[in-house]
Amino acid sequence: MKNFLKIIAGTFIGSLLAMVLGFFILLGVIGSMASLSSSVKPVVPKSAVLSLNFGTKITEQSVDDPFATFNPFGGTDSKAQGLLNFIETIDNAASDKAIKFIYMNVTNLNAGISHIEEIRSALVRFRESGKPIIAYADNFSQPAYYLATAADKIYMNPGGMAPLTGLSISSLFFKDLLDKAGLEVQLIRHGKFKAAAEQFISNKMSSENREQIQSYIDAVWNTWVEDISAARGITPERINQMADNLELHSATKALEENLVDGLMYKDKLVDTLAKLFGVENEKDLKMISSTNYSKATQKVNFKEKNKIAIIYADGEIIMGKSDENIASDSFIEHISKVRKDSTIKAVVFRVNSPGGSAQSSDIIDRELALLREKKPVIISMGDYAASGGYWIAAKADKIITNNTTLTGSIGVFSMALNVQKGLKQHLHINAETVTTNRYSDIMSGYRSLENKEIEFIQAAIEEIYTNFINLVAEGREMTPEKVDEIAQGRIWSGLDAIKIGLADERGGLKEALNAAASASGVESYRIVEYPVKKTQLDKLMEMISDGAYAAKAVSNPEMLMENAYMYLKNESGIKHFARLPFNLTFQN
């Protein structure tokens, strides 16, 4: 058997080496092309229109990757614009005499709900500089229209639509399906609003969950309505009336109701832009994309010694190491590195997370406590800063949130799955278990939990919940009893979080950076970001390294057995979660 495995391993290694050689040849060609293209720096015309690029997804963090268009892994688009970079591009253009106005086509807007709020604030600042903004779309989604109302003039395609219908969030419930499949889920939790996993034990939304979701989407919608009302001179009552009666069925109706300023096709739009620019012909209309403008104007003063670090906590909170989520082992390394760097005077801790592992949240919170002993830490909340995401934010010097941020969800849950009936019913498989003690097979998945076991898990959850409440009370200077009143797993909008004391003020990354500078007493600084995003080449090298490791494992059965044991050891056992009950997706 061992000889057979070695033959397979030899063949595998040979194929691997050939693949590696091919990859490096290909990378050499692509690298030369990337180097050539990156050496040509865009130039800003003496007089130009800044065209905002919404065609590329706007995310928490960008990456300067010459291999961004080369994605050997497939499936996902490796291109992304960082939110801060996008906002700084708008802010820089406001004071740049070369930029006469902004044009933005928001037909294909791809950004998070709080990202849109922060970009809109930057656009408002741009208009305050005295320069106009022109917005256009073939069709307006509701978030796109909300963003467009920051403009002086809004135009749309005559055949398009700009329907304002309000917001909704839907949840799917799987209990009937699980019953039919013979699968049983037992949910143990603290917090009457902690609705995470209730879709596995019920066929309908609990009244508490419905209440908190209703409150959240009402807060987001009211923010949009108030800003649209102020921008377009339409009363909130009239906006809601149009939404309730489905009145905005055409572009003509949108024009009649003053939602837009004109209907035109793109050729006429070009004429309008040219006229505003002060030229007659399209060829004389000088436009520069926000992507190229950023490349042309972005400057880093490496002589500046003072730094403010932005640490991006983006994704689900998990144990171990990971580049795609907030993994405890990986993340405390980033925090520790920032703590030990004396040139970093303050930290903006950007949280964009629905939560996850309670233990990982606690580990990260401990490292943040060490960081706060050395320098001020300001929280900036993204789309989410909830459950475990709020856990790691609660003790900061200041918490800054967007109105549309989903936060709170201070609660804990654990879940047990019993698959025995399903295995027997559908696959005719029966599980037999041998134990050393009465409850050795707790959470094995082959039986229901007994009352004693549920009490055991509930006791652990109660302790974690108490710790959660106490750390929030300490961080927010509230009594544990007061925190408990607004906790119970309930989600809040950022707007409401400020009102009840879970956050301090409204704002985004720019406001958080200003607060960090003020707290540290520095007047000038440069920004450093953590974690450093990996390029496609970095990921490829890791894949090749993993492939070589796999080849070694194939020829070494003992290594395979050791890895299998470690996997089972890490994946089994009781886990407690501080996580949102759903992923945030609006239907609009």
Side-chain angles (χ1 to χ4, degrees), residues 52 54 90 101-109 111 113-169 214-265 268-269 272-273 276 402-405 493-496 506 508 586-588:
L52 298 186
F54 290 108
I90 297 171
F101 63 91
I102 281 178
Y103 163 67
M104 59 181 189
N105 187 325
V106 294
T107 301
N108 299 308
L109 177 63
I113 183 171
S114 71
H115 296 164
I116 293 171
E117 185 179 349
E118 292 190 45
I119 293 168
R120 193 180 187 281
S121 295
L123 291 171
V124 170
R125 291 194 296 271
F126 180 89
R127 282 186 63 186
E128 289 172 351
S129 72
K131 300 179 183 181
I133 301 172
I134 306 299
Y136 181 85
D138 291 321
N139 295 283
F140 283 103
S141 67
Q142 291 186 116
Y145 182 73
Y146 170 66
L147 181 63
T149 56
D152 296 82
K153 297 292 182 180
I154 304 175
Y155 301 108
M156 71 179 298
N157 186 297
M161 292 183 67
L164 293 178
T165 58
L167 304 176
S168 68
I169 291 177
Q214 186 71 62
S215 177
Y216 171 68
I217 63 175
D218 282 347
V220 174
W221 178 248
N222 290 337
T223 293
W224 288 9
V225 168
E226 288 175 9
D227 288 344
I228 292 171
S229 173
R232 302 301 301 177
I234 310 170
T235 65
E237 292 77 15
R238 179 57 186 146
I239 293 171
N240 280 307
Q241 184 182 44
M242 288 188 287
D244 289 339
N245 296 329
L246 294 177
E247 295 183 27
L248 299 170
H249 53 78
S250 67
T252 302
K253 185 65 175 176
L255 180 62
E256 290 175 0
E257 296 293 343
N258 196 39
L259 267 71
V260 298
D261 297 288
L263 308 179
M264 60 182 67
Y265 293 100
K268 290 296 183 182
L269 174 69
T272 300
L273 295 177
L276 182 61
N402 294 293
N403 275 1
T404 53
T405 293
S493 68
L495 178 66
D496 289 331
R506 181 186 181 183
F586 282 124
Q587 294 152 2
N588 51 66

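Quick caveat, the model's predicted, so the values are computed rather than measured.
- Rounding to the nearest 0.5 Å places CD1 of Ile228 at 10.5 Å from CG of Leu147.
- Between Trp224 and Ile113 the shortest side-chain heavy-atom distance falls below 4.5 Å.
- For the pair Asn245 (side chain) and Glu247 (backbone), a donor-acceptor distance under 3.5 Å is absent.
- Heavy atoms from other residues, nucleotides or ligands lying under 6.0 Å from CG of Asn108 number 12 at most.
- In this structure, Leu164 and Trp221 approach most closely via the heavy-atom pair CB-CH2, 4.4 Å.
- Panel note: side chain Tyr265, backbone Met156; no donor-acceptor pair is recorded below 3.5 Å.
- One N or O on the side chain of Thr272 and one on the backbone of Lys268 form a donor-acceptor pair closer than 3.5 Å.
- Considering only residues two or more places apart in sequence or on other chains, Tyr145 meets the ring pair (Phe, Tyr, Trp, His ring centres under 6.0 Å) condition with Phe140.
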Stepwise side chain to side chain contact (heavy atoms under 4.5 Å, CB included) test for Ile90 and Leu123: CA-CA 7 Å; Ile90 297 171; Leu123 291 171; 4.0 Å; yes
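- Minimum heavy-atom separation, Tyr216 to Thr404: OH-O, 2.8 Å.
- Remark: Arg238 engages Glu257 in a salt bridge, criterion side-chain N to carboxylate O under 4.0 Å.
- In this structure, NZ in Lys153 is found 13.5 Å from CG in Leu269, a value given to the nearest 0.5 Å.
- Between the side chain of Asp261 and the backbone N or O of Ile154 there is at least one donor-acceptor pair closer than 3.5 Å.
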Using the rule given for side-chain hydrogen bond (donor to acceptor under 3.5 Å, both in side chains), can you reason through Asn105 versus Thr107, listing the C-alpha separation, both sets of side-chain angles and the distance that settles it, and then say yes or no? CA-CA 6 Å; Asn105 187 325; Thr107 301; 2.7 Å; yes
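- Contact between Ile116 and Pro143 at its shortest, heavy atoms only, is CD1-CB, 3.6 Å.
- Between Thr149 and Ala231, the closest heavy-atom pair is O-CB, 3.1 Å.
- Listed here is the closest heavy atom pair of Ser168 and Ile217: CA-CD1, 4.4 Å.
- Phe54 contributes atom CZ, which lies 6.0 Å from atom CG of Leu109 (distance to the nearest 0.5 angstrom).
- When atom types are taken as modelled, the side chain of Gln142 and the backbone of Leu167 share no donor-acceptor pair closer than 3.5 angstrom.
- A donor-acceptor contact under 3.5 angstrom links the side chains of Gln214 and Asp218, judged on distance only.
- Summarising the geometry, atom OG belonging to Ser493 is positioned 9.5 Å from atom CG belonging to Asn222; distances are rounded to the nearest 0.5 Å.
- The two residues Pro132 and Leu276 come nearest to each other via the heavy atoms CG-CD2, 4.4 Å.
- Between Asp152 and Lys131 there is no salt bridge, since no side-chain nitrogen of the basic residue lies less than 4.0 Å from a carboxylate oxygen of the acidic one.
- Side chain of Ser229 to backbone of Ile234: a donor-acceptor contact under 3.5 angstrom is found.
- A donor-acceptor pair under 3.5 Å is absent between the side-chain atoms of Tyr146 and the main chain of Arg120, judged by distance alone.
- Here the side chains of Asn157 and Asn139 are not in contact, with every heavy-atom distance at 4.5 Å or above.
- With Arg127 contributing its side chain and Ile133 its backbone, the two residues share no donor-acceptor pair below 3.5 Å.
- At least one donor-acceptor pair closer than 3.5 Å links the side chain of Asn258 to the backbone N or O of Arg232.
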